[in-house]
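Notes to accompany the following structure.
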Amino acid sequence: TQLLEQSPQFLSIQEGENLTVYCNSSSVFSSLQWYRQEPGEGPVLLVTVVTGGEVKKLKRLTFQFGDARKDSSLHITAAQPGDTGLYLCAPPMNYGGSQGNLIFGKGTKLSVKP
Amino acid sequence: GAVVSQHPSWVICKSGTSVKIECRSLDFQATTMFWYRQFPKQSLMLMATSNEGSKATYEQGVEKDKFLINHASLTLSTLTVTSAHPEDSSFYICSAPRGPNSYEQYFGPGTRLTVT
């Protein structure tokens with residue numbers, strides 16, 4: 001089983017602040033996905049990063065995949081209350097030859113206060 | 001709109017009874033679906049892979065006789081929690097790949113199970 005570490009575990013900030021959350025592993029991943037989950041709902045895909053060193057932007061969110069494809073970061077600029085949620089990183093994990101299932105980190109629970 | 005639905009969204013049952021949770025893909029076919037369990041303040045843990053036309057594949061530590069999975073059609077997978085106990089109370093979430101060779105998942109909205 002691949003070990004995924006996400007940090008920080010909890011983050012509470014004021015609206016307008018910037019923040020970065022991290023996803024680290026000792027394993028090399030072919031790709032990595034970031035999801036956001038709001039309370040009582042299923043996760044929603046934000047982005048998939050595939051290439052080492054890749055940077056993807058989604059409005060105020062910037063995702064980076066490490067050069068060695070072992071780690072990733074998510075930076076949010078000028079956070080808003082709507083960004084509140086659990087941010088999960090998830091690389092794919094082949095199982096028994098079938099593709100598609102994911103392994104999830106413990107997530108970073110972000111709270112943005114107005 | 002939602003592309004994966006779950007029913008019911010929440011359920012309360014008595015200890016010892018069985019509960020069935022449905023996961024449907026809307027407007028697309030899913031030969032594979034995944035079932036996850038999420039305890040409060042924890043992340044998602046993969047329970048099993050549901051395969052249309054064949055037996056489900058269970059993760060280590062998940063009792064296949066307790067968590068029965070049936071992939072009845074290309075758009076429907078069901079998870080039945082048999083002889084439920086309070087420790088089975090959790091948030092159950094299913095997902096389906098976005099495409100035949102895609103790792104990206106559409107997740108259902110989840111089902112909150114409370115066993116009293």
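Values below: all heavy atoms of this structure, side chains included; hydrogens, waters and symmetry mates excluded. Letters A, B, ... are given to chains in the order of the sequence lines, protein chains preceding strands, and every chain is numbered from 1. All values derive from a computational prediction rather than experimental measurement.
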- Could you tell me whether a side-chain N or O of A/Tyr35 sits under 3.5 Å from a main-chain N or O of B/Gln105, the two making a donor and an acceptor? yes
- Query: Is the backbone N or O of B/Gly110 less than 3.5 Å from a side-chain atom of A/Glu41, with the two atoms forming a donor-acceptor pair by type?
  - Reply: no
- Is there side-chain contact between B/Glu104 and A/Gln33, with heavy atoms separated by less than 4.5 Å? yes
As an exercise, state the distance from [atom1] of [X] to [atom2] of [Y], rounded to the nearest 0.5 Å.
{"X": "B/Gln38", "Y": "A/Phe104", "atom1": "CD", "atom2": "CZ", "value": "9.0 Å"}
{"X": "B/Ser43", "Y": "A/Leu86", "atom1": "OG", "atom2": "CG", "value": "6.5 Å"}
{"X": "B/Leu44", "Y": "A/Gln37", "atom1": "CG", "atom2": "CD", "value": "5.5 Å"}

In this structure, would [X] and [Y] fall into the same cluster of hydrophobic residues linked by side-chain contacts under 4.5 Å?
{"X": "B/Met33", "Y": "B/Tyr106", "answer": "no"}
{"X": "A/Leu110", "Y": "A/Leu61", "answer": "yes"}
{"X": "A/Val47", "Y": "A/Val50", "answer": "no"}
{"X": "A/Leu58", "Y": "A/Val49", "answer": "yes"}
{"X": "A/Leu45", "Y": "B/Phe34", "answer": "yes"}

- Item | Selection from A/Ser31, A/Ser30, A/Gly105, A/Gly107 maximising heavy-atom pairs under 4.5 Å formed with chain B | A/Gly105
- Among residues two or more places apart or on two chains, list those pairs meeting salt bridge (charged side-chain N to carboxylate O under 4.0 Å, His left out) that have a residue in residues 28-38 of chain B. none
- Which residue pairs pass the salt bridge (charged side-chain N to carboxylate O under 4.0 Å, His left out) test when at least one of the two sits in residues 51-61 of chain A, sequence neighbours left out? A/Glu54-A/Lys56, A/Arg60-A/Asp83
- Message: Taking disulfide bond (SG atoms under 2.5 Å apart) as the cut-off, I'd like each qualifying pair that reaches into residues 14-86 of chain A, sequence neighbours left out, listed once.
- Response: A/Cys23-A/Cys89
- Atom NE2 of B/His85: over 12 foreign heavy atoms under 6.0 Å: yes
- Query: In terms of heavy-atom contacts, does CD of A/Glu5 have more than 12 from other residues, nucleotides or ligands at under 6.0 Å?
  - Reply: no
- Task: For A/Leu102 and B/Tyr103, work out which heavy atoms get closest and say how close.
- Result: CD2-O, 3.6 Å
- One option among B/Arg98, B/Met45, B/Arg112 has the most heavy-atom pairs under 4.5 Å with chain A, and it is B/Arg98
- Item | Contact listing (chain A partner; residues 72-84 of chain B; heavy atom under 4.5 Å) | none
